[in-house]
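Letters A, B, ... are given to chains in the order of the sequence lines, protein chains preceding strands, and every chain is numbered from 1. Quick caveat, the model's predicted, so the values are computed rather than measured.
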Amino acid sequence: MTHWVDICDKADLQADSGVCALVEDKHIAIFYLEQEQKLFAIDNYDPFGKISVLSRGLIGDIQGQVMVSSPLYKHHFNLSTGQCFEDDSVSLCTYDVRINGDRVELNLKGAS
Amino acid sequence: MMCALYEALAWLYLEFQVSKKDVLVVVGNGMVGQYFLSQCANSELHDRYEIVTFCEEPLFAYDRVHLSEYFTGKSAEELSLVEAGFFEENNMTVHLNDSVTSIDREYKTVRSRQGITVQYDTLVLATGSSAFIPPIAGHDRKDCIAYRTIADLDDMLAAAKTAKVGTVVGGGLLGLEASKALKELGLETHVVQFAPRLMAAQLDETGAALLKSKIEAIGVTVHTSKNTTEIVDGEQCQHKMLFADGEALETDLIIYSAGIRPRDELAMQCGLEIANRGGVVIDNHCQTSDENIYAIGECASWQNQVFGLVAPGYAMARTVIEHMSGNQSLPFTGADMSTKLKLNGVDVASIGDPHASTPGAIVYDYQNGREGIYKRLVVSEDNQYLLGAVLVGDADDYPTLSQYYLNGIALPSEPDSLILPSRSGEAIGLGPDALPMTAQICSCYDVSKGDICQSIDNGNTSLAALKADTEAGTGCGGCAALLKSVLDCELEKAGFEVNTDICEHFPYTRQDLYNIVMVEEIKTFNTLIHKHGQGRGCEICRQAVGSILASQWNEYVLKKEHLSLQDTNDTFLANMQKDGTYSVVPRMAGGEVTPDGLIVVGQVAKKYGLYTKVTGGQRVDMFGARLEQLPEIWRILIDAGFESGHAYGKSLRTVKSCVGSSWCRFGVDDSAGLAVELENRYKGLRAPHKIKFAVSGCTRECAEAQSKDIGIIAVEGGWNLYVCGNGGMKPRHGDLFATNLDKQTLIQYIDRILTFYIRTADRLQRTSVWMENMEGGLEYLRSVVIDDKLGIGAQLEQQMAVVIGHYQCEWKTTIEDEDKLKRFRTFVNSDKTDENVIFVEERGQVRPANEQEKAKLTLLETA
Ligand code: SRM
Ligand SMILES: Cc1cc2nc3c(=O)[nH]c(=O)nc-3n(C[C@H](O)[C@H](O)[C@H](O)COP(=O)(O)OP(=O)(O)OC[C@H]3O[C@@H](n4cnc5c(N)ncnc54)[C@H](O)[C@@H]3O)c2cc1C
Ligand code: SF4
Ligand code: FES
């Protein structure tokens with residue numbers, strides 16, 4: 001079952017960077033790769049630093065896997081799977097996210 | 001007499017009854033004596049002997065070779081060769097400030113000035129030498145000083161305070177070095193040389209004449225063929241030196257540096273054999289005429305020769321260690337007296353037989369009048385081997401030539417190709433590969449190419465590891481370049497590919513990327529990665545490229561194309577704290593802030609409930625601002641005239657200052673004014689790492705300038721510039737780069753240094769590490785900046801001008817751009833604040849709550 005939530009305008013996204021959305025009390029980081037026109041959504045909470053900041057990290061890739069590097073202590077998380085590159089036991093939730101017309105939408109139930 | 005002996009024996013009995021070990025006494029704790037002790041500590045002798053040493057000077061052994069650096073800021077501690085705790089850790093007894101006054105060879109005892117008597121089984125004399133003082137009338141007048149010890153230098157410094165004219169007696173190596181010191185102390189400087197030319201032992205006539213003209217060009221007057229007959233009262237100055245030719249010279253201060261005299265007085269007192277020209281006679285095992293007594297270093301005479309350099313002394317020390325361990329396999333066989341040095345900024349080198357006194361020797365000369373370069377090769381009759389060489393004005397060929405000389409390597413068929421400028425661009429000279437394994441690379445520590453290769457094989461594949469393992473390059477440093485080329489060559493041969501790529505997205509170093517950006521005029525990360533890289537980048541290359549683009553073009557860092565390149569701190573123009581909030585640091589150039597400015601800072605902090613602290617960088621930091629508060633806070637600050645302090649950037653941080661001459665009773669110049677000017681000049685300059693400056697108004701150094709990347713101290717003659725210092729994880733004192741600069745030259749040098757740093761440093765490399773890794777180090781940097789050796793001086797200045805011209809306060813630009821402000825929302829879709837950010841109060845201000853406090857507070861809330 002899907003449940004798309006309207007988040008913000010497409011223009012609110014930051015090219016090759018992130019923003020944070022508040023969806024049902026959850027902090028969710030949404031990243032936007034402008035050239036590839038790809039979106040990723042992942043928990044904003046950094047489990048190592050215990051603060052809500054991942055949307056403010058730098059993004060890029062490690063061996064082709066798109067990732068964000070936490071601004072606090074530089075742990076890397078795979079944006080597609082939520083897996084932490086440095087610690088196998090840590091994995092964040094990821095969410096489906098899409099652009100619908102001019103709006104950005106997120107599917108909380110599609111959480112993996 | 002008997003009584004004294006009895007007392008002494010009783011004392012000895014007490015002192016040594018517990019140990020059945022033999023006693024080894026070392027007289028003299030100079031460079032060679034200390035080296036001998038450190039070698040003992042590393043050998044089995046250390047277990048076999050009870051070791052006692054006498055140190056006449058009030059300081060343990062220090063580096064005499066670099067003595068002159070005492071004038072340019074090196075402290076006695078920095079010159080020390082004895083690590084703290086050395087004697088205690090190795091169970092050695094040292095008598096500081098005490099000298100041996102007599103040796104009794106029959107009872108095998110030594111007696112000291114302070115009345116200590118020690119019985120020895122083996123005695124090592126390492127008493128060095130003293131400066132030769134010509135026995136003329138008046139030689140011991142006030143302010144007539146030898147150039148040998150730190151105490152001498154302290155005397156010179158004291159005398160130089162009132163002196164106007166200084167004269168060095170002696171135009172050899174040390175004399176010229178002393179003249180440099182006088183010049184730097186700001187005295188009118190003369191050199192009086194007995195011989196008809198300077199450095200008579202090492203240079204031929206042409207070389208010496210060129211050296212003389214070069215030295216005179218920098219303002220030292222050289223008087224050759226002058227035989228001083230008497231020193232009397234002067235009319236304008238304290239003294240007047242009278243010469244045999246009837247002329248005279250007035251001077252306030254006289255420095256003797258006319259050769260050395262071995263300290264053989266003890267040996268003479270106890271009847272050891274003394275050489276005709278002075279020095280304790282030793283054989284190939286460094287044994288004196290008494291088999292229980294060795295002599296090493298400058299007090300020893302081997303085959304009627306005294307060696308005035310450290311390397312032969314160290315070789316003697318090694319010989320004695322081997323011999324005492326029962327090996328005869330390391331006899332002392334003489335030493336190479338080749339030298340290379342920079343005298344008053346002039347490169348000079350001499351190898352082997354510079355005077356072509358070997359029968360049949362062939363001489364090749366090269367002279368370049370315009371650039372003031374002279375080179376001479378002395379080659380064997382059959383044109384096969386190098387016998388000697390002289391280099392003045394350009395000594396870059398020294399390492400190659402000395403390897404030809406030392407290792408008897410066959411010369412190329414046209415030997416002069418070694419000294420002729422290679423205008424065709426083809427490389428000549430001797431690759432490290434051509435050296436035999438026996439080639440001595442470091443003469444200070446006798447390290448051969450074979451030793452180095454062995455150490456590399458054992459895994460010491462970095463220069464630092466190699467130095468630590470073999471000691472090569474840690475003495476006079478003269479072999480550093482050669483050492484590095486051997487290392488590089490061996491690594492290459494071993495098929496090591498040293499991966500210097502910045503990350504997986506770019507097969508380049510930061511320097512390469514810088515050059516690409518500059519040459520191809522690339523302005524965005526995307527263009528660069530498409531043309532020269534792969535993938536999407538990562539936090540390493542994005543930040544590095546962001547910094548490069550900012551250094552080169554200085555565009556607004558939050559411009560759309562650059563936004564994703566900024567580190568978290570840069571991207572929100574504030575430093576993230578542990579709880580995800582930010583700090584706010586307005587610039588207070590030079591640490592100056594008006595009362596009105598302070599009031600605004602106070603009002604802002606109060607309004608937003610920020611923790612307020614005076615930082616270590618002389619300004620005020622406000623902590624605990626939420627992302628969404630940053631723009632409002634900055635708007636207030638900017639309206640009050642503040643600018644971004646760039647506390648978040650790898651860029652200029654602060655220029656610390658002291659009050660200087662405007663207020664301080666000791667201030668020599670307006671340090672605060674200069675600090676403000678410099679901070680405003682370089683603010684916003686992006687660099688490989690952060691850059692800190694400080695300016696002090698006098699040598700009391702209240703601004704701690706010597707611990708900064710760029711440090712400036714006001715002195716009577718202008719500004720002294722120190723470079724490449726830092727505090728932090730690995731503190732490093734700055735090096736004195738240039739003295740007595742006027743403001744314009746000072747700024748010109750800083751422009752050049754900083755741009756050169758930005759262009760050539762690695763990512764996240766502070767200036768200290770950058771300089772330490774730079775081949776040629778400080779000297780090289782000087783040659784680029786002061787002598788403009790690469791011919792890029794003007795270009796470097798121009799680039800700085802571009803960067804300065806594009807300065808903008810990033811916070812000002814940001815708050816004026818509605819679109820940019822959107823980013824400073826905690827949530828894109830809500831006005832709520834982050835409930836994870838919780839403060840508690842401490843000492844009247846806020847701080848982030850810790851885990852327990854948070855848990856408690858949340859409980860209370862939900863309860
Ligand atoms: C606030 C302050 C401490 C204070 O309460 O006084 C401070 C705070 C931080 N310092 Fe510092 N340093 C502060 C003065 C210093 C000084 C003293 C000085 O500048 O005279 C030093 C030693 C001098 C030096 O750098 O040579 C210093 C050496 C460091 C280092 C080690 C650098 C090194 O080369 O080893 C780091 C780590 C780094 O930069 O990689 C660092 C890093 C930091 C960071 C940025 C760490 C971080 O990433 O969170 C801190 C955050 C600052 C903030 O949030 O605003 N800080 N730090 C000082 C701010 C000065 C200013 O007004 O800008
Ligand atoms: C300014 C200067 C620059 C130099 N530059 C270079 C250079 O570039 N390259 C180079 O190779 N060499 C250079 N030298 C020479 C080098 O310093 C000496 O070769 C080296 O110091 C010799 O070491 P040493 O232990 O034999 O003598 P010293 O270092 O002189 O040590 C002898 C010590 O023994 C002490 N002593 C003497 N008699 C007694 C006693 N009876 N009891 C107790 N202690 C006693 C002395 O006080 C002294 O401390 C330079 C020397 C000077 C002064
Ligand atoms: S460094 Fe000198 S001028 Fe500056 S405050 Fe200290 S004593 Fe005064
Ligand atoms: S030759 Fe002096 S350190 Fe190597």
Side-chain angles (χ1 to χ4, degrees), chain A residues 5-36 38 44-46 49-76 79 85 103-106, chain B residues 503-505 524-526 529-530 533-543 545-546 558-572 574-582 627-628 819-820 822-838 848 850-851 854:
Chain A
V5 184
D6 178 72
I7 302 291
C8 61
D9 217 75
K10 188 181 167 196
D12 289 328
L13 294 174
Q14 296 294 325
D16 301 318
S17 183
V19 293
C20 181
L22 185 67
V23 189
E24 296 178 12
D25 287 343
K26 263 183 173 317
H27 297 196
I28 297 173
I30 302 175
F31 297 98
Y32 175 44
L33 289 185
E34 190 182 39
Q35 283 188 333
E36 300 168 50
K38 273 193 188 159
N44 195 51
Y45 190 75
D46 175 342
K50 298 196 168 51
I51 55 171
S52 181
V53 291
L54 288 185
S55 61
R56 303 177 216 164
L58 269 173
I59 60 174
D61 72 63
I62 294 178
Q63 310 272 301
Q65 305 176 47
V66 184
M67 59 80 190
V68 61
S69 145
S70 168
L72 205 60
Y73 300 120
K74 311 288 169 205
H75 293 88
H76 299 86
L79 291 186
F85 283 85
R103 301 295 294 174
V104 178
E105 296 177 347
L106 188 119
Chain B
C503 67
E504 64 179 81
H505 304 103
T524 67
F525 178 80
N526 282 341
I529 197 161
H530 286 142
Q534 57 179 33
R536 304 177 180 92
C538 62
E539 80 278 11
I540 295 177
C541 58
R542 281 177 178 262
Q543 279 177 57
V545 171
L558 298 188
K559 205 171 150 185
K560 184 161 177 288
E561 301 86 310
H562 306 321
L563 192 111
S564 67
L565 308 180
Q566 309 309 328
D567 187 14
T568 325
N569 289 341
D570 284 74
T571 171
F572 293 105
N575 284 328
M576 180 182 281
Q577 304 300 315
K578 59 194 287 189
D579 62 348
T581 64
Y582 289 87
L627 189 59
E628 66 271 15
D819 206 40
K820 289 284 171 273
K822 286 203 313 204
R823 294 181 52 250
F824 292 85
R825 290 179 293 186
T826 297
F827 302 113
V828 260
N829 58 343
S830 160
D831 289 336
K832 288 201 178 143
T833 56
D834 181 355
E835 75 284 359
N836 282 303
V837 174
I838 300 174
N850 61 33
E851 288 300 307
K854 267 192 193 176

Enquirer: Please report the C-alpha distance between A:Ile51 and B:Lys578 in whole Å, then the side-chain angles of each, then the deciding distance to 0.1 Å, and finally whether the side-chain contact (heavy atoms from CB on, under 4.5 Å) criterion is met.
Expert: CA-CA 8 Å; A:Ile51 55 171; B:Lys578 59 194 287 189; over 6 Å; no

Enquirer: For A:Glu36, is it the side chain, the backbone, both, or neither that has a heavy atom closer than 4.5 Å to a heavy atom of chain B?
Expert: side chain

Enquirer: Under the criterion side-chain contact (heavy atoms from CB on, under 4.5 Å), I'd like the reasoning laid out for A:Lys50 against B:Lys854: C-alpha separation, chi angles, the key distance, then a yes or no.
Expert: CA-CA 12 Å; A:Lys50 298 196 168 51; B:Lys854 267 192 193 176; 6.0 Å; no

Enquirer: How far apart are the closest heavy atoms of A:Cys20 and B:Thr826, and which atoms are they?
Expert: CB-O, 3.4 Å

Enquirer: Would you compute the distance between atom CG of B:Asn836 and atom NE2 of A:His27 and round it to the nearest 0.5 angstrom?
Expert: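 Spacing of CG (B:Asn836) from NE2 (A:His27) equals 6.0 Å.
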
Enquirer: Can you measure from NE2 (B:His505) to CG (A:Asp61) and round to the nearest 0.5 angstrom?
Expert: 3.5 Å

Enquirer: Taking B:Gln543, B:Glu561, B:Glu835 one by one, which has the highest count of heavy-atom pairs under 4.5 Å against chain A?
Expert: B:Glu835

Enquirer: B:Val828 and A:Val19: which non-hydrogen atoms are nearest, and at how many Å?
Expert: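 Looking at all heavy atoms of both residues, the closest pair is CG1-CB, 3.6 Å.
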
Enquirer: Minimum heavy-atom separation for A:Ala15 to B:Ser564, with atom names?
Expert: O-CB, 4.1 Å

Enquirer: Can you check side-chain contact (heavy atoms from CB on, under 4.5 Å) on B:Arg536 and A:Gln35, steps first, answer last?
Expert: CA-CA 10 Å; B:Arg536 304 177 180 92; A:Gln35 283 188 333; over 6 Å; no

Enquirer: Out of curiosity, B:Asp834 CG to A:Asn44 CG, how far, rounded to the nearest 0.5 Å?
Expert: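 So the gap between those two atoms works out to 8.0 Å.
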
Enquirer: At a heavy-atom separation under 4.5 Å, does A:Ile62 approach chain B through its side chain, its backbone, both, or neither?
Expert: both

Enquirer: Measure the CG-CG distance between B:Asp819 and A:Asp12 for me, rounded to the nearest 0.5 Å.
Expert: 9.0 Å

Enquirer: Below 4.5 Å from any heavy atom of chain A, which atoms of B:Glu504 appear? Answer side chain, backbone, both or neither.
Expert: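 When you check distances to chain A, only side chain atoms of B:Glu504 fall under 4.5 Å.
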
Enquirer: Does NZ in A:Lys74 sit with more than 12 non-hydrogen atoms of other residues, nucleotides or ligands closer than 6.0 Å?
Expert: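 Buried by this count: over 12 neighbours within 6.0 Å.
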
Enquirer: Do A:Asp16 and B:Phe525 have side chains that approach each other closer than 4.5 Å (heavy atoms only, starting at C-beta)?
Expert: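 Result no, sub-4.5 Å side-chain heavy-atom pair not found.
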
Enquirer: Looking at every heavy atom in both B:Leu565 and A:Leu58, which two are closest together, and how far apart are they?
Expert: C-CD2, 4.1 Å

Enquirer: Taking side chain as everything from C-beta outward and backbone as N, CA, C, O, which of these in B:Asn526 sits under 4.5 Å from a heavy atom of chain A? Side chain, backbone, both or neither.
Expert: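 For B:Asn526, side-chain heavy atoms alone lie under 4.5 Å from chain A.
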
Enquirer: To the nearest 0.5 Å, what is the distance between CD on B:Gln566 and OG on A:Ser17?
Expert: 10.5 Å

Enquirer: Can you tell which of A:Ser55, A:Gly49, A:Ser52 has the highest number of heavy-atom pairs within less than 4.5 Å of chain B?
Expert: A:Ser52

Enquirer: What pair of heavy atoms forms the shortest contact from A:Met67 to B:Cys538, and how long is it?
Expert: CE-CB, 3.6 Å

Enquirer: Could you state the interatomic distance from OG (A:Ser69) to CZ (B:Arg542), rounded to the nearest 0.5 Å?
Expert: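 Rounded to the nearest 0.5 Å, the OG-CZ separation comes out at 11.0 Å.
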
Enquirer: Please name the pair of heavy atoms, one in B:Gly580 and one in A:Arg56, separated by the smallest distance, quoted to 0.1 Å.
Expert: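 It is O-NH1, 3.0 Å.
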
Enquirer: Flag yes if more than 12 heavy atoms outside B:Lys822 fall under 6.0 Å of its NZ atom; otherwise flag no.
Expert: yes

